[in-house]
Amino acid sequence: GGSTGEMWCHTHFGIKPDIVSFSKKMCSGGIYHNMEHRPPHPGRILNTWVGDPHKIILLEQVVKTIKQDNLLELTRQSGEVMMTGLNQFHKQFSGLVSNVRGRGTFCAIDLPSTATRDKFLVDCRESGVHLGGCGESTVRFRPSLTFTPQQAGIMLDVMEQVLKKY
């Protein structure tokens, strides 16, 4: 929750989903759903992560911190810096960077091949920036909700130096 700049990505589109699942950044796995999808018997939708009381306490604190520290706004601001920089890379390195996309800090770009992407990830990591790969040639960005615009700028500076090597 929150990495797109809204608590739930579907709110960007005005969608009222039937079922929403969440995990990882919320410190707990879970679902919420409309009443139409409520199981007829208690406990029908249950696994190791859903409904564990101590995980719910953690989740409450995560949501409280997101609100108190205004982390959704911070994510929107950091995402603007990221998307501006990534779009600039698309112009500056048009033969390398393509398919720039994202909302908030939930962003991705494509590089020309798996080999290029993998080398780029290693070069960035060796320069202090840890990014992830996805699919055949995608670089994905998944910073924490506390990622600042200043940190986004540092990341983009490192990425630019790496891209200049290609």
Side-chain angles (χ1 to χ4, degrees), residues 1-32 47-49 58-59 62-63 65-67 69-166:
S3 62
T4 68
E6 294 290 342
M7 197 63 184
W8 307 108
C9 187
H10 65 265
T11 60
H12 286 286
F13 308 100
I15 297 170
K16 293 190 181 225
D18 294 327
I19 300 172
V20 173
S21 64
F22 57 90
S23 189
K24 297 193 174 126
K25 288 188 180 184
M26 301 304 290
C27 292
S28 177
I31 60 166
Y32 67 90
N47 65 37
T48 306
W49 299 100
L58 290 172
L59 174 60
V62 167
V63 172
T65 300
I66 289 170
K67 290 177 181 176
D69 294 353
N70 205 15
L71 295 180
L72 295 179
E73 179 58 29
L74 181 63
T75 298
R76 285 189 284 272
Q77 292 169 4
S78 300
E80 284 181 32
V81 171
M82 289 174 65
M83 287 300 294
T84 298
L86 296 174
N87 281 312
Q88 181 59 41
F89 292 160
H90 177 62
K91 292 176 188 168
Q92 186 178 353
F93 304 103
S94 60
L96 283 171
V97 177
S98 64
N99 198 16
V100 175
R101 58 210 182 267
R103 290 192 180 274
T105 59
F106 194 84
C107 303
I109 60 172
D110 289 342
L111 296 178
S113 67
T114 303
T116 303
R117 188 268 320 270
D118 291 348
K119 180 169 177 14
F120 174 79
L121 293 176
V122 169
D123 290 345
C124 283
R125 194 170 301 122
E126 289 175 352
S127 298
V129 173
H130 185 80
L131 302 171
C134 184
E136 289 184 25
S137 61
T138 297
V139 176
R140 64 186 196 134
F141 303 82
R142 300 296 184 271
S144 70
L145 297 179
T146 58
F147 189 68
T148 66
Q150 180 185 10
Q151 291 167 325
I154 293 167
M155 177 195 71
L156 292 166
D157 288 344
V158 169
M159 289 177 62
E160 182 176 24
Q161 293 310 308
V162 170
L163 288 167
K164 284 179 178 178
K165 296 177 185 178
Y166 295 86

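These numbers come from a predicted model, not from an experiment.
Among residues at least two apart or in separate chains, side-chain hydrogen bond (donor to acceptor under 3.5 Å, both in side chains) pairs with a member in residues 137-146 are Arg101-Thr138, Asp110-Thr138, Ser144-Thr146. Annotation: side-chain hydrogen bond (donor to acceptor under 3.5 Å, both in side chains) contacts involving residues 83-98, sequence neighbours excluded, comprise Gln92-Glu160.
Checking side-chain atoms of Ser78 against main-chain N and O of Phe147 turns up a donor-acceptor pair under 3.5 Å.
Atom CZ in Phe106 sits 11.0 Å away from atom CE in Met82 (nearest 0.5 Å). Taken from CZ in Arg103 to CE in Met83, the straight-line distance is 9.5 Å, to the nearest 0.5 Å. Here the straight-line distance linking atom CG of Leu111 with atom CG of Leu163 works out to 7.0 Å at 0.5 Å rounding. If you take CG on Leu145 and OG1 on Thr75, they are separated by 4.5 Å, rounding to the nearest 0.5 Å.
Taking Glu136 as the reference, nothing meets the salt bridge (charged side-chain N to carboxylate O under 4.0 Å, His left out) condition, with sequence neighbours excluded. By the salt bridge (charged side-chain N to carboxylate O under 4.0 Å, His left out) test, Lys119 pairs with Asp123, sequence neighbours left out. Applying the side chain to side chain contact (heavy atoms under 4.5 Å, CB included) criterion to Leu131, with sequence neighbours excluded, gives Phe120, Leu121, Cys124, Val129, Val139, Phe141, Met155, Met159. Residues meeting the side chain to side chain contact (heavy atoms under 4.5 Å, CB included) test with Pro17, sequence neighbours left out: His10, Ile15, Val20.
Residue-environment remark: NZ (Lys16) stays at or below the threshold of 12 foreign heavy atoms within 6.0 Å. Other residues, nucleotides and ligands contribute over 12 non-hydrogen atoms within 6.0 Å of the CD atom of Glu73.
Side-chain contact between Lys164 and Gln161 is present, with at least one heavy-atom pair separated by less than 4.5 Å. Counting only heavy atoms from C-beta outward, the side chains of Leu86 and Leu156 approach each other to under 4.5 Å. Taking 4.5 Å as the limit, every side-chain heavy atom of Val162 sits out of range of all side-chain heavy atoms of Glu126. Counting heavy atoms from C-beta outward, Pro149 and Leu74 have side chains that approach closer than 4.5 Å.
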